[in-house]
Amino acid sequence: MAPAKTYPRIYRTTRRIPRGRVATYGQIAELSGLAGHARQVGYAMHALDSETNVPWHRVINAQGRVSLGDLAGRAQRALLENEGVVFDGSGKVDLARFRWRPRSR
DNA sequence: GCCAGGGCGCTAA
DNA sequence: ATTAGCGCCCTGG
């Protein structure tokens with residue numbers, strides 16, 4: 001069957017995330033018209049290559065935590081901190097403050 | 001903080 | 001065709 005058109009939508013939505021802001025997988029899914037299928041978003045991120053223009057590091061899970069392991073996790077964290085996003089002692093982001101809010105501004 | 005279970009779409013074997 | 005696994009999310013103990 002024809003390939004899914006899911007990834008392009010996800011990438012498009014992800015690119016809209018402003019610098020210094022983060023979004024959750026579920027949020028991206030919803031904005032991409034894939035409400036409830038957050039898993040696809042995570043999978044799409046993994047499918048990206050190094051030349052991508054998609055800010056995958058701005059996408060984190062619903063707990064405000066980076067879903068990756070140690071290595072990639074701290075790399076992502078470093079990228080976000082470089083943009084002004086703050087992590088607490090547990091390596092979590094305060095979503096109430098840094099979560100991207102589209103259309104509500 | 002941890003683990004278990006169900007649900008959704010896609011990929012690899 | 002089927003199975004299993006995933007950068008998930010939610011609920012519950």
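Each chain gets a letter, A, B and so on, in the order the sequences are listed, and its residues count up from 1. Everything numeric here is computed off the predicted structure, so don't read it as measured data.
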Name all residues meeting the salt bridge (Lys or Arg N to Asp or Glu O under 4.0 Å) criterion together with A:Arg77; count only those two or more places apart in sequence or in a different chain, and write none if there are none. A:Glu81
Quick one: pull up [atom1] in [X] and [atom2] in [Y] and give me the separation to the nearest 0.5 Å.
| X | Y | atom1 | atom2 | result |
| --- | --- | --- | --- | --- |
| A:Ile28 | A:Thr14 | CD1 | OG1 | 4.5 Å |
| A:His46 | A:Leu68 | NE2 | CG | 8.5 Å |
| A:Arg39 | A:Tyr25 | CZ | OH | 12.5 Å |
| A:Ile60 | A:Gln27 | CD1 | CD | 9.5 Å |
| A:Thr24 | A:Asn61 | OG1 | CG | 8.5 Å |

Take nucleotides 2-8 of chain B nucleotide by nucleotide from the 5' end and write B, S or -, depending on whether a protein heavy atom sits under 4.0 Å from the base, only from the sugar-phosphate, or from neither. -----BB
Of all nucleotides in DNA chain C with an atom under 4.0 Å from a non-hydrogen atom of chain A, which is the first and which the last going 5' to 3'? C:dG5 to C:dC10
Within residues 54-71 of chain A, the residues having a heavy atom closer than 4.0 Å to DNA chain C are A:Trp56, A:Val59, A:Asn61, A:Ala62, A:Ser67, A:Leu68
Close approaches to DNA chain C from residues 43-51 of chain A, in residue order (heavy atom, under 4.0 Å): A:Tyr43, A:Met45, A:His46
Trace of the side chain to side chain contact (heavy atoms under 4.5 Å, CB included) decision for A:Arg58 with A:Val85: CA-CA 9 Å; A:Arg58 293 183 192 142; A:Val85 178; over 6 Å; no
What do you reckon, is CG of A:Asp70 surrounded by more than 12 foreign heavy atoms closer than 6.0 Å? no
For A:Glu30, I'd like to know if atom CD has over 12 heavy atoms of other residues, nucleotides or ligands within 6.0 Å. no
Using every non-hydrogen atom in the two residues, find where [X] and [Y] come nearest and quote the distance to one decimal.
| X | Y | result |
| --- | --- | --- |
| A:Arg16 | A:Pro102 | NH2-CB, 3.9 Å |
| A:Ile10 | A:Gln40 | CD1-O, 3.9 Å |
| A:Tyr11 | A:Ala47 | OH-CB, 4.0 Å |

Side chain to side chain contact (heavy atoms under 4.5 Å, CB included), that's the test. Do A:Gln76 and A:Trp56 meet it? Break it down for me. CA-CA 9 Å; A:Gln76 177 170 6; A:Trp56 61 272; 3.9 Å; yes
Show me the dot-bracket string of DNA chain C, counting Watson-Crick or G-U pairs under 3.5 Å, with | for pairs to another strand and [ ] for crossing ones. .|||||.||||||
